[in-house]
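Reading through the structure tokens given below for one structure.
Counting starts at 1 for both ligands and their atoms, in listed order.
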Amino acid sequence: METATRVALSRNVAETEQIGERIGALLRGGELLCLSGDLGAGKTALTRGIGRGWGALEPITSPTFTLIHEHHRARDGQKLYHVDGYRLSGAADAWTVGLDELLHGEDVVVIEWPENVAEALPEERLWVTLDFFDDETRQLTFNASGAQALALLRALD
Ligand SMILES: Nc1ncnc2c1ncn2[C@@H]1O[C@H](COP(=O)(O)OP(=O)(O)O)[C@@H](O)[C@H]1O
Ligand SMILES: [Mg+2]
């Protein structure tokens, strides 16, 4: 499968949200976005921007207590699922919460802590790794696999 990588620096939370907004505006439906990084790296901040750019009716908050938040927008019936994989472990858990059903539809899935359910995730995805540089600087590494994610990454250039 074809892959591509890009690296970006974010100097503050607003910049991370802006990157997210650009991604969100480019989504067509059916994408899987895996956001990997330690606590406080900015996964939810990036998702907040993605939700804005995509057109979510409600602001995106941390899904920690519900595991999966379903978001809607006015324009069409597409949904954006924001998944918290923090408490999940393995394909069986992914199955239990219904993740695999979401992954084969025409909706958008954004998942934090994707490594916890790696076995359940399709190969075609945009995997974003957020690393700490210092208090406010983060490095975002984008790894796209498959045609849809590659097109998305190239559109971000
Ligand atoms: N460049 C940056 N990008 C994202 N968040 C940042 C950045 N600099 C500082 N922060 C802070 O780091 C925290 C990120 O929190 P959050 O997005 O909830 O992380 P995660 O979901 O990865 O645990 C917030 O308090 C945010 O204000
Ligand atoms: Mg989070």
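Side chains of Ile111 and Leu35 form no contact here, defined as non-hydrogen atoms less than 4.5 Å apart.
Asp157 and Arg6 are joined by a salt bridge, as a carboxylate oxygen and a charged side-chain nitrogen come within less than 4.0 angstrom of each other. Between Glu136 and Arg11 there is no salt bridge, since none of the side-chain N atoms of the basic residue sits less than 4.0 Å from a carboxylate O of the acidic one.
Residue-to-ligand polar distances place Thr16 within reach of ligand 1: an N/O pair is separated by less than 3.5 Å. Checking only distances, Ala45 does come within under 3.5 Å of ligand 1, N or O to N or O. Distances between N or O atoms of Gly42 and those of ligand 1 include at least one value under 3.5 Å.
Remark: minimum distance from atom 7 (C) of ligand 1 to any protein heavy atom is reached at Val13 N, 3.6 Å. Closest to atom 6 (C) of ligand 1 among all protein heavy atoms lies Arg138 NH2, 3.6 Å. Looking only at heavy atoms of the protein, atom 22 (O) of ligand 1 is closest to Lys43 NZ, 2.7 Å.
Minimum-distance N/O/S atom of Glu112 relative to the Mg ion (ligand 2): OE1.
Without hydrogens or angle criteria, Asp107 side chain to Gln78 main chain gives no donor-acceptor distance under 3.5 Å. Formation of a donor-acceptor pair under 3.5 Å by the Arg87 side chain with backbone atoms of Asp84 is not found in this model. Counting only distance, with no hydrogens or angles, the side chain of Asp38 and the backbone of Ala41 share no donor-acceptor pair below 3.5 Å. Remark: the backbone N or O of Ser145 is not paired with any side-chain donor or acceptor of Arg125 at under 3.5 angstrom. In terms of modelled atom types and a separation under 3.5 Å, the side chain of Gln148 and the main chain of Gly29 share a donor-acceptor contact.
Defined by atom type and a distance below 3.5 Å, a donor-acceptor pair is missing between the side-chain atoms of Glu21 and Trp54. Side chains of Glu58 and His69: a donor-acceptor N/O pair is absent below 3.5 angstrom, by distance only. If you check the side chains of Asp134 and Thr137, you find a donor sitting under 3.5 Å from an acceptor.
By heavy-atom distance, the residue among Leu35, Asp84, Asp38, Thr44 lying nearest atom 21 (O) of ligand 1 is Thr44.
Metal site remark for the Mg ion (ligand 2): Ser62 contributes no N, O or S atom at a distance under 2.8 Å. Contact annotation: Asp84 places no N, O or S atom under 2.8 Å from the Mg ion (ligand 2).
Less than 4.0 angstrom separates atom 9 (C) of ligand 1 from at least one non-hydrogen atom of the protein. Taking a distance limit of 4.0 Å, we find that atom 25 (O) of ligand 1 is approached by no protein heavy atom.
For the atom pair OG1 (Thr16) and CG (Leu46), the distance works out to 6.5 Å, reported to the nearest 0.5 Å.
Within the 4.0 Å heavy-atom shell around ligand 1 one does not find Leu130. Heavy atoms of Glu15 come nearer than 4.0 angstrom to ligand 1 in no pair at all. Not a single heavy atom of Thr47 sits closer than 4.0 Å to an atom of ligand 1. Under a 4.0 Å heavy-atom criterion, Gly40 is in contact with ligand 1. At a 4.0 Å cut-off, at least one heavy atom of Ala41 sits close enough to ligand 1 to count as contact.
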I would like to know whether Arg154 and Glu2 meet salt bridge (charged side-chain N to carboxylate O under 4.0 Å, His left out); could you show each step before the answer?
-> CA-CA 13 Å; Arg154 285 179 184 142; Glu2 211 189 331; 3.4 Å; yes

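The atoms of ligand 1 that sit less than 4.0 Å from any heavy atom of Asp135 are 8 (N), 9 (C). With ligand atoms numbered from 1 in the order given, ligand 1 contributes 21 (O) to contacts under 4.0 Å with heavy atoms of Glu112.
Residue Leu46 does not touch ligand 1, judged by heavy-atom distances below 4.0 Å. Within the 4.0 Å heavy-atom criterion, the part of Asn12 lying near ligand 1 is the backbone and not the side chain.
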